[in-house]
Undergrad: 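Provided herewith is a single structure, encoded as structure tokens, for subsequent inquiry.
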Amino acid sequence: MTEQFFFENLNPEQKKAVDYLDGPLLVMAGAGSGKTRVLTYRIANLIAQGISPFNILAITFTNKAANEMKSRAEKLIGEPAKNVILSTFHSFCARLLRHEIKITNKFTSSFAIYDAGESRNLVKQCVKELNLGEKIYDGVGSRISALKNELITPEKFRENILYSGRTYDAHIAMIYELYQKKLQTNNALDFDDLIFKTVDIFRDYPDILDKYQERFQYILIDEYQDTNVAQYVLTNLLAAKYKNLCVVGDADQSIYGWRGADMSNILNFERDYPKAKVILLEQNYRSTKTILNAANAVIQNNFDRIPKNLRTQNEIGERIKFITCETDRYEAAIVAREIKRLVDYENFSYNEIALLYRTNAQSRLFEEKFMNEEIPYIIIGGLKFYDRKEIKDILAYLHVIENPHDDLHLLRIINTPRRGIGITNLNRLTELANAQGLSIMETIANKELLVEEDFSPKFRASLQSFAAMMMSFTESAKNLAVDELITTVLNESGYMKMLRDNTKEGKEENISREENLGTFLDSAKEFLEMNPKGTLQDFLNHVALITDIDTLDENESRVRLMTVHAAKGLEFPVVFIVGMEEGLFPHAMSYDSDESLEEERRACYVAITRAKKKLYITAADARMVFTENHNTEMRQKKISRFVEEIPDECIESIGTKAKPPQRKSAPHPIYRPPTAHRAAQIKSPEKKSEPPITLHVGDIVNHKRWGLGSVMELDRRYVTISFANPEIGTKKLVRSAAPLNAV
């Protein structure tokens, strides 16, 4: 294989990044600049230059990206690429801990990995046991996660707050400490522990660290701007001996500060590695010149960045369509209509179109409209397949088979299906286990203890029957493949019979659950096809680390709905960025600091650069919002500052304020030729249609939802009504949108 083969499809900057093999390297890769190609070719070139694939570690942030890179590398270099460890941080650490965690004498190699939902449930148990009240529960899980991402143990946190005098911090310390004890009792780790415990082992056992430093002499880290403290420390521990560390990222796409990512890791790389070589990838292969120029113009308003200017040889492309709508409901209707036009008249497929929003709550109106218009869609970041009740139930059985001391999963299934194990006695059993320092399964096995505690013979018999069933499953697991074990559990536990006999949920719901379990069984078979020697532990590890992006079928013809943050790393021919208003995007919570506002601008930059050919930006003059009194009302909105930062030559204002036509098939585009400067339209929107009823101050009106009220004030666009119901009070509504009837 010739050297030319590796470089023939690369631009000059990419070639430098692929060819610089020894020593620290920072590749600052702009959006769409081919960083995956660089990483893949770099791996192939390392192997071609005689570096053993056994000595290469490549880390990225999604399983999807890791699998894509591995597939590309195998096509380039063949069989040797299969021996490269190419995974996420969490997958890498989970694999390492299966081999090394036993040295701590606190966990066994069969430890469970708790997902976010299971971690929340465990936190809730801790709060309940400590009698701290449910109010404290909100935010505790996030706080503990943040502490772990900063490598702060419960003991260290307690020291830090010793003199703070803050009751809340003291409560957090108590919960954190009990939470960790329960994890250890259950022989379980949460997601944050995977990295935290790996760092602990490296720090406490230098010989183990040295073993992995020798093993991984060449390290590549993707999306380095998104690393948190724990990931940063882990990376530098591994790279300390040989310093052959290549990090790839883009400070302009650092948008996860709210979950612990530290952009300074990439900005300070040259401080950490003074001999580092820095290469900028500035040629974009994704977007049109117009879209790219808009993105460059927006991000240049940020101060905290490494300057670069993306360029492209792609076509100029269409101007960005900026559409203003009277209300958020009109926004949903107009977007739906344009999507149908793009599919019907411009030959786009639904899966080529993405709808991006700042907050998850924005999806509701679009979902309703898409369902009404029969537009197929899928929400990325919604209810994940593996989070469905029936899937979680069967996974809980598998977890207890693998690890009988896993109390959290055991409590989920001990009475599912119903076995006459009542909640009162179950709570007593749990308290007894905690008091004795035993797992629940160990407590069940102690028949004398159950008699001493005066549990009824019927309850004890139910427990023994459950324990015997689980023991038989554990024995079966030694001889059965994973898919065969799942089938055995579904049938012999009575779970399938429960679904078929349960009429309360309805026939369709139960059929859907059965179909989901069938899909789950198929996923186990697919896992075994990829991993013929895969064990139950391997399968549980695989499932625990799956994300919704990993399971997305890219060819499924549905519009993609997702937050801007979920869209990172994806690209689409057509993108709609909706809700571009002050207080929403940028979010009102970002107004407190320049740092937060700059992160919002980076999120906008990420959103813009997801688009390849067409980009639409929409905003509403008025939007239904939740008030401080936990009510909702229509409030006037201002156009986002980010829209104003886009150059005039890159964007054309549509400014449609009229209600969308009722007829469904409109062959014409939703926009009209641009009028004057869009800022003038924003400041002085023209009324395109009369309100549905004539109103005067003093009129009595009936609101469809809030009942009778009196008109207090009127102007061309708004009506202020004092409602008879004192809980509703006075509301300022958009005249054309308010569901009012004259009385």
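Quantities reported herein were computed from a predicted structural model and do not represent experimental measurements.
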Undergrad: With no hydrogens and no angle check, is any side-chain donor or acceptor of R319 less than 3.5 Å from a backbone partner on I651?
TA: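 The answer is yes, because a donor-acceptor pair under 3.5 Å joins these two groups.
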Undergrad: T290 and G317: which non-hydrogen atoms are nearest, and at how many Å?
TA: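 Residues T290 and G317, closest heavy atoms: OG1-O, 3.6 Å.
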Undergrad: Does the salt bridge (charged side-chain N to carboxylate O under 4.0 Å, His left out) test come out yes or no for K321 and E318, once each step is laid out?
TA: CA-CA 9 Å; K321 307 296 188 297; E318 299 177 9; 3.2 Å; yes
Undergrad: Once you measure the plane-to-plane angle for F642 and F585, does it fall in the parallel (<30°), tilted (30-60°) or perpendicular (>60°) bin?
TA: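 F642 and F585: perpendicular rings.
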Undergrad: Given 3.5 Å as the limit, does a donor-acceptor pair link the side chain of S590 with the main chain of P586, or not?
TA: no
Undergrad: About how many Å separate CD1 of I144 and CD1 of I172, when rounded to the nearest 0.5 Å?
TA: 6.5 Å
Undergrad: With a 4.5 Å limit on heavy-atom distance, are the side chains of N516 and I391 in contact?
TA: yes
Undergrad: Check A332 against L365 and note the closest heavy-atom contact, atom names and distance.
TA: CB-O, 3.8 Å
Undergrad: State which residues pass salt bridge (Lys or Arg N to Asp or Glu O under 4.0 Å) with K568; sequence neighbours excluded, sorted by chain then number.
TA: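 Checked K568 against salt bridge (Lys or Arg N to Asp or Glu O under 4.0 Å); matches are E223, D226.
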Undergrad: So does Y224 get a backbone contact from the side chain of T227, meaning a donor-acceptor N/O pair under 3.5 Å?
TA: yes
Undergrad: Got a salt bridge between E338 and R341, using NZ or NE/NH1/NH2 to carboxylate O under 4.0 Å?
TA: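 Yes, charged N to carboxylate O under 4.0 Å.
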Undergrad: What heavy-atom pair brings S349 and V343 nearest, and what distance separates the two atoms?
TA: C-CG2, 4.4 Å
Undergrad: May I ask you to check whether E582 and Y591 show a side-chain donor-acceptor distance below 3.5 Å?
TA: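 A donor-acceptor contact under 3.5 Å links the two side chains.
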Undergrad: Would you compute the distance between atom OG1 of T288 and atom CG of N314 and round it to the nearest 0.5 angstrom?
TA: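 Going from the OG1 atom of T288 to the CG atom of N314 covers 7.5 Å.
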Undergrad: Could you check whether any side-chain N or O of R610 sits under 3.5 Å from a backbone N or O of L570, counting only pairs where one atom can act as donor and the other as acceptor?
TA: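 Yes; at least one donor-acceptor contact below 3.5 Å.
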Undergrad: Without hydrogens or angle criteria, can the side chains of Q362 and T359 be said to hold a donor-acceptor pair below 3.5 Å?
TA: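 Yes, T359 and Q362 have a side-chain donor paired with an acceptor closer than 3.5 Å.
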Undergrad: Taking the side chain as C-beta and beyond, is there a heavy-atom pair between D190 and E118 under 4.5 Å?
TA: no
Undergrad: Salt bridge check, K612 against E352: does any charged N sit closer than 4.0 Å to a carboxylate O?
TA: no
Undergrad: Counting distance only, does the side-chain N/O of H565 pair as donor-acceptor with the main-chain N or O of I255 below 3.5 Å?
TA: yes
Undergrad: Decide yes or no on side-chain contact (heavy atoms from CB on, under 4.5 Å) for L584 and R623, but give the supporting numbers first.
TA: CA-CA 10 Å; L584 191 54; R623 184 175 295 275; 3.7 Å; yes
Undergrad: Quick one: do Y605 and Q253 satisfy side-chain hydrogen bond (donor to acceptor under 3.5 Å, both in side chains)? Show the steps, please.
TA: CA-CA 7 Å; Y605 173 79; Q253 296 186 72; 5.4 Å; no
Undergrad: Let me see the working for T563 and Y357 under side-chain contact (heavy atoms from CB on, under 4.5 Å), right down to the final yes or no.
TA: CA-CA 5 Å; T563 63; Y357 37 77; 3.8 Å; yes
Undergrad: State whether a side-chain donor-acceptor pair under 3.5 Å links S145 with D192.
TA: yes
Undergrad: Is a side-chain N or O of S653 found less than 3.5 angstrom from the main chain of F322, in a donor-acceptor match?
TA: no
Undergrad: Is the shortest heavy-atom distance from the side chain of I379 to the side chain of M562 under 4.5 Å?
TA: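 Side-chain contact under 4.5 Å: no.
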Undergrad: Within a reach of under 6.0 Å around CE of M589, are more than 12 heavy atoms found that belong to other residues, nucleotides or ligands?
TA: no
Undergrad: Do NZ/NE/NH1/NH2 and the carboxylate oxygens of E599 and R602 come within less than 4.0 Å?
TA: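 R602 and E599: salt-bridged.
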Undergrad: Return the minimal non-hydrogen interatomic distance between I380 and A566, and the atom names on each side.
TA: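 I380 and A566 have their closest heavy atoms at O-CB, 4.4 Å.
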Undergrad: Please give me the minimum heavy-atom distance between A294 and I320, naming the atom from each residue.
TA: CB-CD1, 3.5 Å
Undergrad: May I have the step-by-step check of salt bridge (charged side-chain N to carboxylate O under 4.0 Å, His left out) for R286 and E571, ending in yes or no?
TA: CA-CA 8 Å; R286 177 188 300 155; E571 59 182 41; 2.8 Å; yes
Undergrad: Does a salt bridge link D328 with K637, judged by any charged N lying under 4.0 Å from a carboxylate O?
TA: no
Undergrad: Is the backbone N or O of T312 less than 3.5 Å from a side-chain atom of N284, with the two atoms forming a donor-acceptor pair by type?
TA: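 It does not hold such a pair.
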Undergrad: Please report the interatomic distance CG(D222) to NZ(K35), rounded to the nearest 0.5 Å.
TA: 3.5 Å
Undergrad: Would you check if T519 and E515 make a side-chain contact, meaning some heavy-atom pair closer than 4.5 Å?
TA: no
Undergrad: Keeping K638 on the side-chain end and E581 on the backbone end, is there a donor-acceptor pair under 3.5 Å?
TA: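 No.
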Undergrad: Assess the residue pair I306 and L267 against the criterion (side-chain contact (heavy atoms from CB on, under 4.5 Å)); give the C-alpha distance rounded to whole Å, side-chain angles, the decisive distance to 0.1 Å, and a yes or no.
TA: CA-CA 7 Å; I306 295 176; L267 294 178; 3.7 Å; yes
Undergrad: Any side-chain heavy atom of V701 within less than 4.5 Å of one from V711?
TA: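 Yes. Closest side-chain heavy atoms under 4.5 Å.
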Undergrad: Between K369 and E373, does any side-chain N to carboxylate O distance fall below 4.0 Å?
TA: yes
Undergrad: Using the test salt bridge (Lys or Arg N to Asp or Glu O under 4.0 Å), find all partners of R364 that sit at least two apart in sequence or belong to another chain.
TA: E368
Undergrad: Is any side-chain heavy atom of N351 less than 4.5 Å from a side-chain heavy atom of R558?
TA: no
Undergrad: Would you say that V643 contacts I617 through its side chain, given a criterion of any heavy-atom pair below 4.5 Å between the two side chains?
TA: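 The answer is yes; the side chains approach within 4.5 Å.
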Undergrad: Would the distance check show the side chain of N302 and the main-chain N or O of I299 forming a donor-acceptor pair, the cut-off being under 3.5 Å?
TA: no
Undergrad: Which of these passes side chain to side chain contact (heavy atoms under 4.5 Å, CB included) with Y350: L342, V574, I378, V559?
TA: V559
Undergrad: With the side chain counted from C-beta on, respond yes when S33 and Q283 share a heavy-atom pair under 4.5 Å apart, and no when they do not.
TA: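 No, too far: nothing below the 4.5 Å cut-off.
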Undergrad: For A619 and I639, work out which heavy atoms get closest and say how close.
TA: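 Taking A619 first and I639 second, the nearest heavy atoms are CB-CD1, 3.7 Å.
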Undergrad: So that I can tick it off, tell me whether E346 and K614 are bridged by a salt bridge, with the cut-off set at under 4.0 angstrom between side-chain N and carboxylate O.
TA: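 E346 and K614: salt-bridged.
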Undergrad: Step by step, work out the side-chain contact (heavy atoms from CB on, under 4.5 Å) result for D304 and M263.
TA: CA-CA 10 Å; D304 196 10; M263 189 174 69; 3.5 Å; yes
Undergrad: Considering residues, nucleotides and ligands other than Q313, do more than 12 of their heavy atoms fall under 6.0 Å from its CD?
TA: no
Undergrad: To the nearest 0.5 Å, what is the distance between CG (L356) and CE (M580)?
TA: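 Between L356 CG and M580 CE, I get 10.5 Å after rounding to 0.5 Å.
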Undergrad: For the CG atom of L355 and the CG atom of L561, what is their distance to the nearest 0.5 Å?
TA: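 With rounding to 0.5 Å, CG (L355) is 4.5 Å from CG (L561).
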Undergrad: Indicate yes or no: does K308 engage E282 in a salt bridge with an N to O separation below 4.0 Å.
TA: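 Looking at K308 and E282, the cut-off is not met.
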Undergrad: Mark yes or no for whether S596, through its side chain, and S593, through its backbone, hold a donor-acceptor pair below 3.5 Å.
TA: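 Checking the backbone N and O of S593 against the side chain of S596, no donor-acceptor pair under 3.5 Å is found.
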Undergrad: In Å, rounded to the nearest 0.5 Å, how long is the span from CZ of F303 to CG of L597?
TA: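 Separation between the atoms: 14.5 Å.
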